[in-house]
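Remarks on the structure that follows.
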2 protein chains.
Amino acid sequence: MDGGAAPRGRRLDAGARREQILEAAVACIAERGFGATTRELAQRAGVTQALLYQYFESKQALAEAVYERIYLGRLDPRWMREIRDRAVPVEKRLEAFYRRYTAAIFTYEWMRIFMWAGLAGEGLNRRYLGTVEARLLRPLAEEIAADGRFGAPELEAMWALHGSLVYIGIRRFIYDLPTPEDPGPAVAAGVRRFLDGLRAEARRARRRELR
Amino acid sequence: MDGGAAPRGRRLDAGARREQILEAAVACIAERGFGATTRELAQRAGVTQALLYQYFESKQALAEAVYERIYLGRLDPRWMREIRDRAVPVEKRLEAFYRRYTAAIFTYEWMRIFMWAGLAGEGLNRRYLGTVEARLLRPLAEEIAADGRFGAPELEAMWALHGSLVYIGIRRFIYDLPTPEDPGPAVAAGVRRFLDGLRAEARRARRRELR
DNA sequence: GCGCTTGTTGATCGTTTGATCAACGAAGGG
DNA sequence: CCCTTCGTTGATCAAACGATCAACAAGCGC
């Protein structure tokens, strides 16, 4: 329950203490949102409420540090490279990417803090999902189009795939509903269904054109 | 911005006033969540903070009234009947249902209050989505299976379809991202892709069986 | 015009909140 | 051993919070 360290009151070097507080704040804000009180945060970190202000200017500043901690470097640059690797069939690339992506974001902390931030109206979500669209969905759509068998999917179709997979995490961590413990197979099935759907649509379009 | 009625201080009969307060609370809680203060709620309703307690026992009670107001009767029983109407092709039924369903829930108030409730850990979401599964997704899966062309989709596949469509509303009302003003075409396309995906999978399964 | 009912208010209570500050005490150098 | 450094605390503040209550005033029967 506590940060895992240091009996209360024990001296710690500044870096470690700051880290401990931040970690506790992540857990606490994931659970209760920005409405969590500074006293709750302090208790979870195992320090006094006053000490928070030694390391963070205000509650707002601490919350922003939590946001940064959660999102900074969440999008692995390797993913973007692997998406473009045409030595691998596009269906394998799509499945591999979404297996990794969902594995990365399907955590209690990430899912919930992201949702809290969305409702609170922080710009964070818009920025993050803007990057997702530009760096992930758009390249994926281009790679799928380049294959030839699937037509050229619109971005809205890519968002539909994205949503169908992310929604597994929403069911689990936001609504507390039962979901497959390992989302891997569901992700693979979703990707397959998506590509099959694209292919069928592309076939129909080609047939219409021939007539 | 105000409930639309009565200059401040004017007398109103109890029913209308209660309605006015509830309406304002819906708008306010959708925007700010349960953290909205009673003074905000009162201001939006155009009454004094003290008056809230004439009509609701506590802030908690008011919030629960908001939850009920939003969810009670949201699931139109006609939908469940139309889902079973085998005089209509199942793909038409699926599309028609999701057009109506999304039209019903894609409102600022519904989407956001549902999400706030999920994060707050109210049982509401579990109950509601349990009903969705039992009364909508399961029947839909059965109807799709009865058609014969699409195989028998697992519930997890139905949730994937559901998620891909609901996610449009999440993007719009939670993350404040641009989405098609009319989600209708995106819904229709999503349903079509889903069924095409099922059919391709079913074909593969049949072929495997023949070998 | 009077009195009664009832919807409404301003003032106020006790508590909780984010934030501040003087004082304490463990560690390390000389 | 003392002195300086610096991480930490308990006490405390002003503001904001949910909730209460006596007092007010609009409408209505008579």
Side-chain angles (χ1 to χ4, degrees), chain A residues 2-67 116-117 120-122, chain B residues 2-29 31-67 116-117 120 122:
Chain A
D2 68 338
R8 162 142 183 167
R10 253 321 204 277
R11 283 170 74 92
L12 223 55
D13 73 286
R17 187 63 86 186
R18 190 189 146 96
E19 179 58 27
Q20 184 188 33
I21 291 173
L22 192 49
E23 199 69 30
V26 164
C28 213
I29 289 185
E31 188 179 321
R32 309 247 293 105
F34 187 70
T37 68
T38 54
R39 284 168 178 82
E40 285 181 280
L41 301 182
Q43 186 175 14
R44 169 119 39 167
V47 301
T48 52
Q49 182 243 1
L51 194 60
L52 300 185
Y53 293 89
Q54 184 78 359
Y55 296 96
F56 299 92
E57 185 135 352
S58 64
K59 187 186 170 186
Q60 178 67 33
L62 175 53
E64 273 160 26
V66 166
Y67 291 151
W116 284 117
E122 314 288 342
Chain B
D2 67 340
R8 163 141 182 165
R10 254 317 207 279
R11 283 170 74 93
L12 223 56
D13 73 286
R17 186 64 86 187
R18 190 190 146 94
E19 179 58 28
Q20 183 189 34
I21 290 173
L22 192 49
E23 199 71 30
V26 164
C28 213
I29 289 185
E31 188 178 321
R32 310 247 292 105
F34 186 69
T37 67
T38 53
R39 284 167 178 84
E40 286 181 280
L41 301 182
Q43 186 176 14
R44 169 117 39 166
V47 300
T48 52
Q49 183 243 1
L51 194 60
L52 301 185
Y53 293 88
Q54 185 76 1
Y55 295 95
F56 299 92
E57 185 136 353
S58 64
K59 186 185 169 188
Q60 179 68 32
L62 175 52
E64 272 160 27
V66 166
Y67 291 151
W116 283 117
E122 315 287 343

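All chains are named by letter (A, B, ...) in the order of the sequence lines, taking the proteins before the strands, and each is independently numbered beginning at 1.
- To the nearest angstrom, C1' of D:dT20 lies 18 Å from CZ of B:Phe56.
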* Asked: Tell me, for nucleotides 11-24 of chain C in 5' to 3' order, what letter each nucleotide earns: B for a base near a protein heavy atom under 4.0 Å, S for only sugar-phosphate near one, - for neither?
  -> ------BBBBB---
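- With rounding to the nearest 0.5 Å, the separation of CD in A:Gln43 from OG1 in A:Thr48 is 12.0 Å.
- Regarding B:Leu52, its CG atom lies at a distance of 12 Å from the C1' atom of C:dT8, rounded to whole Å.
- Look at CD on A:Glu19: it is 17 Å from C1' on D:dG7, rounded to the nearest Å.
- Closest to the side chain of A:Thr48, from the set C:dG10, D:dT8, D:dT9, is D:dT9.
- Note: CG (B:Leu12) to P (D:dG27) measures 11 Å, nearest angstrom.
- Look at CG on B:Asp13: it is 14 Å from C1' on D:dC28, rounded to the nearest Å.
- Atom P of nucleotide D:dC24 and atom CD of B:Gln54 are separated by 17 Å, given to the nearest angstrom.
- For B:Leu51 and C:dT6, the CG to P distance is 16 Å, given to the nearest whole Å.
- Using a 4.5 Å heavy-atom threshold, the side chains of B:Leu22 and B:Tyr55 count as separate.
- The distance between atom CZ of A:Arg18 and atom P of D:dC6, rounded to the nearest whole Å, is 18 Å.
- Under the 4.5 Å side-chain criterion, counting only non-hydrogen atoms from C-beta, B:Gln49 is in contact with B:Tyr53.
- The two residues A:Ala30 and A:Trp116 have their closest heavy-atom pair at O-NE1, 3.0 Å.
- Residues A:Arg44 and A:Glu40 are not in side-chain contact: their nearest non-hydrogen atoms beyond the backbone lie 4.5 Å or more apart.
- Scanning both residues, A:Ile21 and A:Leu51, for their nearest heavy atoms gives CD1-O, 4.5 Å.
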